[in-house]
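Residue numbering restarts at 1 for every chain, and letters A, B, ... go by the order of the sequence lines.
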Amino acid sequence: KQEVTQIPAALSVPEGENLVLNCSFTDSAIYNLQWFRQDPGKGLTSLLLIQSSQREQTSGRLNASLDKSSGRSTLYIAASQPGDSATYLCAVKGLPGNQFYFGTGTSLTVIP
Amino acid sequence: GAVVSQHPSWVICKSGTSVKIECRSLDFQATTMFWYRQFPKQSLMLMATSNEGSKATYEQGVEKDKFLINHASLTLSTLTVTSAHPEDSSFYICSAPQPGLKNTEAFFGQGTRLTVV
């Protein structure tokens, strides 16, 4: 069964810093990997989707990379802002049922 | 992008009662929907896969008689928590992929915060 792990579990940085969130998964047979943001008590906001054939995706200050063979993905956030404070989840989509397997999440706090 | 609507967004119920949560795909047909739950400070865990016109498939450890899933149409799946107990208090969220393409992104509902008192 696919297992997804995120490191670190929590991260606190001053505003303006660049940061990297890590995600690892045990089974490289995936269709895609998606990064989400979750604000307290709320649903999920999709940030970036990387197909299994791609190596990275960028959206604004966010850049996500994927190394499928090693089972790793990173989310890079440039010039962090207090509004970036949230929990970030990575999820991989794979066999057999086409469902998503979620990571444990990284709780990010950006200090003004 | 595609929209998945989940209702209600929060509900408080008494122990022993049943609660129904709806998940609708608003602008596409979803032959499959996924139900997840998230306990405090934990990640989302898949509970069951809802299949239109057939029985849902449940993950190990999820009681099918307690969490009733109905996927009667291509745009609606419902999760009913029967005889709810305080330990069922959790955040429940549904997801629907666009059919036919395995590599599409998933679209999630807004989630439902269930509190059983």
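When the shell of 6.0 Å around NE2 of B:His85 is examined, it contains more than 12 heavy atoms from other residues, nucleotides or ligands. Remark: A:Arg55 CZ is loosely packed, at most 12 non-hydrogen atoms of other residues, nucleotides or ligands lying under 6.0 Å away. Environment of CZ in A:Arg72: sparse, with no more than 12 heavy atoms of neighbouring residues, nucleotides or ligands closer than 6.0 Å. Summarising the local packing, CD of A:Glu3 is surrounded by 12 or fewer heavy atoms from other residues, nucleotides or ligands at distances under 6.0 Å. For NZ of B:Lys66, the number of neighbouring non-hydrogen atoms (other residues, nucleotides, ligands) closer than 6.0 Å is greater than 12.
From B:Leu44, atom CG reaches atom CZ of A:Phe36 across 9.0 Å, with rounding to the nearest 0.5 Å. The distance from atom CZ of B:Phe107 to atom CG of A:Leu44, rounded to the nearest 0.5 Å, is 13.0 Å. Atom-to-atom distance recorded for B:Phe108:CZ and A:Phe100:CZ is 6.0 Å, nearest 0.5 angstrom. Rounding to the nearest 0.5 angstrom, the gap separating the CZ atom in A:Phe102 from the OG atom in B:Ser95 is 7.0 Å.
Pairing each heavy atom of B:Ser43 with each of A:Thr104, the nearest pair is CB-CA, 3.7 Å.
Interface residue B:Glu59: only side-chain heavy atoms are found under 4.5 Å from chain A. Contacts of B:Gln38 with chain A are made by side-chain atoms alone, with heavy-atom separations under 4.5 Å and no backbone atom involved.
The hydrophobic clustering, which links ILVMFWY residues whose side-chain heavy atoms are closer than 4.5 Å, places A:Tyr88 and A:Leu11 together.
At least one side-chain heavy atom of A:Gln38 sits less than 4.5 Å from a side-chain heavy atom of B:Phe91.
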